[in-house]
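Data block below; observations after.
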Amino acid sequence: MKALTLNGYDGLASLRFDEVSTPMPGPNDLLVKVNAASVNPVDTKIAHGYGGPSAQRSLPHVLGRDSAGTVEKVGSAVTGFKVGDEVYGVADPARWGTFAEYVIMPAATTAERPAGLSDIEAGSIPIAGLSAWAGIVTAGQLQRGQRVLIHAGAGGVGTFAVQLAKNIGATVAATASGKNAEFVRSLGADHVIDYTKEDFSTAIKDVDLVFDLIGGDVRFRSFPVLKSGGVITHISVPPMTQPPPRSDVEVRPAQVKYDTALLDQIGALVKSKAVRPVVSEVFAFADALKAFQHVMTGHARGKVMLDMTR
Ligand SMILES: NC(=O)c1ccc[n+]([C@@H]2O[C@H](COP(=O)([O-])OP(=O)(O)OC[C@H]3O[C@@H](n4cnc5c(N)ncnc54)[C@H](OP(=O)(O)O)[C@@H]3O)[C@@H](O)[C@H]2O)c1
């Protein structure tokens, strides 16, 4: 099969298209023909050696976590899927990923593609949607009537987080640059703070939850906006370099859970139109490096997708 292989950790220079053997599914796996895959920041970070030796894979490796496609083979112990099913989900990072014609998907992290969604739309959901769920729902425990501030509301995770928070019934503030303010409002944000012009740390107060998708100094400057007892959740973004300036608020890492049941829950919200996937750019698989470059700007809007059929 054709695959984009990672052959070192020098960024884009380490990626090339190759012919490789199609992997065989184990008993609990599906072999999926990949129709759409998304490029997540983590793919670009791994290609640059981010995470040190523990994040390094045996090379060559195939990156890519999200996919939408068609089941081609079903592992002997799998129930609930059959050949020809249209699915979407998350590949196992320890094995080859979705930037290839075929991928092995664990059945436990795969779900039926929500009716009415294209492969491109469905493939944009898993990592970003499940990460937003972790930050807002599981770790954030956001409740109707509460106030939330979401950093990077225009990005892949942020676009889901803003919509999930609004659907819960919270008052939603988000940071974004001015060019994205109207867009983030259209997702349901009540208040968009243009971080390039305004200091968010004084623009808002009495917040119950901050979902931090930036980290470092942005997390440090988020403490003043919280009410006493408030919470900051974050996924793997750079840590603060300073000690926490307050002891009456909690910083809670969000553990992202990848499973079929959660994908079905998010799929149901998409089906009911409470949440919509936002895809800003679709690149042909042959142009995957351009997609990487776009994500690496740090200013992609919503999700950046690969059409694996082109
Ligand atoms: N499981 C995990 O651990 C996990 C999962 C998913 C993501 N992550 C991490 O979470 C972070 C966000 O992921 P993502 O997929 O949402 O990234 P992304 O889509 O690349 O985020 C891009 C967005 O960030 C916004 N942005 C950039 N700098 C900003 C700032 N200073 N303040 C506010 N917004 C800013 C940009 O908006 P403007 O163009 O308007 O500036 C852009 O829309 C990444 O570091 C990623 O690696 C971790």
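In listed order, ligands and their atoms are each counted from 1. Predicted model, so just to flag it, every value in this text is computed and none were measured. Hydrogens, waters and symmetry mates play no part in the numbers below; they use all other heavy atoms, side chains included.
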Please test R65 against D92 for salt bridge (Lys or Arg N to Asp or Glu O under 4.0 Å), starting from the C-alpha separation and ending with a verdict. CA-CA 7 Å; R65 300 292 307 281; D92 176 356; over 6 Å; no
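Of the candidates K179, K257, H294, K179 brings a heavy atom nearest to atom 39 (O) of ligand 1. In this comparison of S177, G155, G156, the heavy atom closest to atom 40 (O) of ligand 1 sits on S177. The residue among F183, Y50, Y195 with a heavy atom at the shortest distance from atom 28 (N) of ligand 1 is Y195. By heavy-atom distance, the residue among I193, D217, N180 lying nearest atom 37 (O) of ligand 1 is N180. The residue from G302, G298, P41 that puts a heavy atom closest to atom 26 (N) of ligand 1 is G298.
Less than 4.0 angstrom separates some heavy atom of V157 from each of these atoms of ligand 1: 6 (C), 7 (C), 13 (O), 14 (P), 15 (O), 16 (O). Near V237, with a cut-off below 4.0 Å to any heavy atom, the atoms of ligand 1 are 10 (O), 11 (C), 45 (O). Each of the following atoms of ligand 1 lies closer than 4.0 Å to a heavy atom of S131: 5 (C), 6 (C). Heavy-atom contacts of L213 reach the following atoms of ligand 1: 11 (C), 12 (C) (cutoff under 4.0 Å). Remark: ligand 1 atoms within the under-4.0 Å shell around heavy atoms of A154 are 43 (O). Counting atoms of ligand 1 from 1 in the listed order, those under 4.0 Å from a heavy atom of V256 are 1 (N).
Within the 4.0 Å heavy-atom shell around ligand 1 one does not find A128. Every heavy atom of N40 sits 4.0 Å or more from the atoms of ligand 1.
When the shell of 6.0 Å around CZ of R310 is examined, it contains more than 12 heavy atoms from other residues, nucleotides or ligands. Remark: K290 NZ is loosely packed, at most 12 non-hydrogen atoms of other residues, nucleotides or ligands lying under 6.0 Å away.
In this structure, the protein non-hydrogen atom closest to atom 8 (N) of ligand 1 is I235 CD1, 3.3 Å. With hydrogens left out, the protein atom closest to atom 1 (N) of ligand 1 is Y258 OH, 3.3 Å, a heavy atom. When only non-hydrogen protein atoms are considered, atom 43 (O) of ligand 1 lies nearest to A300 O, 2.7 Å. Looking only at protein heavy atoms, the nearest one to atom 34 (N) of ligand 1 is A152 CA, 3.2 Å. Protein heavy atom in closest approach to atom 44 (C) of ligand 1: K45 NZ, 3.7 Å.
N40 and K303 share a donor-acceptor pair across their side chains, judged by distance under 3.5 Å alone. Between the side chains of S14 and N7, no donor-acceptor pair of N or O atoms lies under 3.5 Å. Under 3.5 Å, the side chains of S222 and H151 contain a donor-acceptor pair of N or O atoms.
Annotation: the span from K2 atom NZ to F99 atom CZ amounts to 14.0 Å, rounded to 0.5 Å.
Using modelled atom types, no side-chain atom of S38 and backbone atom of S124 make a donor-acceptor pair closer than 3.5 Å. For D66 (side chain) and V90 (main-chain N/O), no donor-acceptor pair under 3.5 Å exists by modelled atom type. Using modelled atom types, no side-chain atom of D287 and backbone atom of A284 make a donor-acceptor pair closer than 3.5 Å. In this structure a side-chain-to-backbone donor-acceptor pair under 3.5 Å is missing from R147 to A170.
Among the atoms of H299, some N or O lies under 3.5 angstrom from an N or O of ligand 1. In terms of N/O distances under 3.5 Å, ligand 1 is approached by S236. Considering backbone and side-chain N/O atoms, V42 never comes within less than 3.5 Å of an N/O atom of ligand 1.
Residue V218 does not touch ligand 1, judged by heavy-atom distances below 4.0 Å.
Nearest heavy-atom pair across F183 and R301 is CE2-CG, 3.3 Å.
In summary, D190 and K166 engage in a salt bridge, as defined by a charged side-chain N under 4.0 Å from a carboxylate O.
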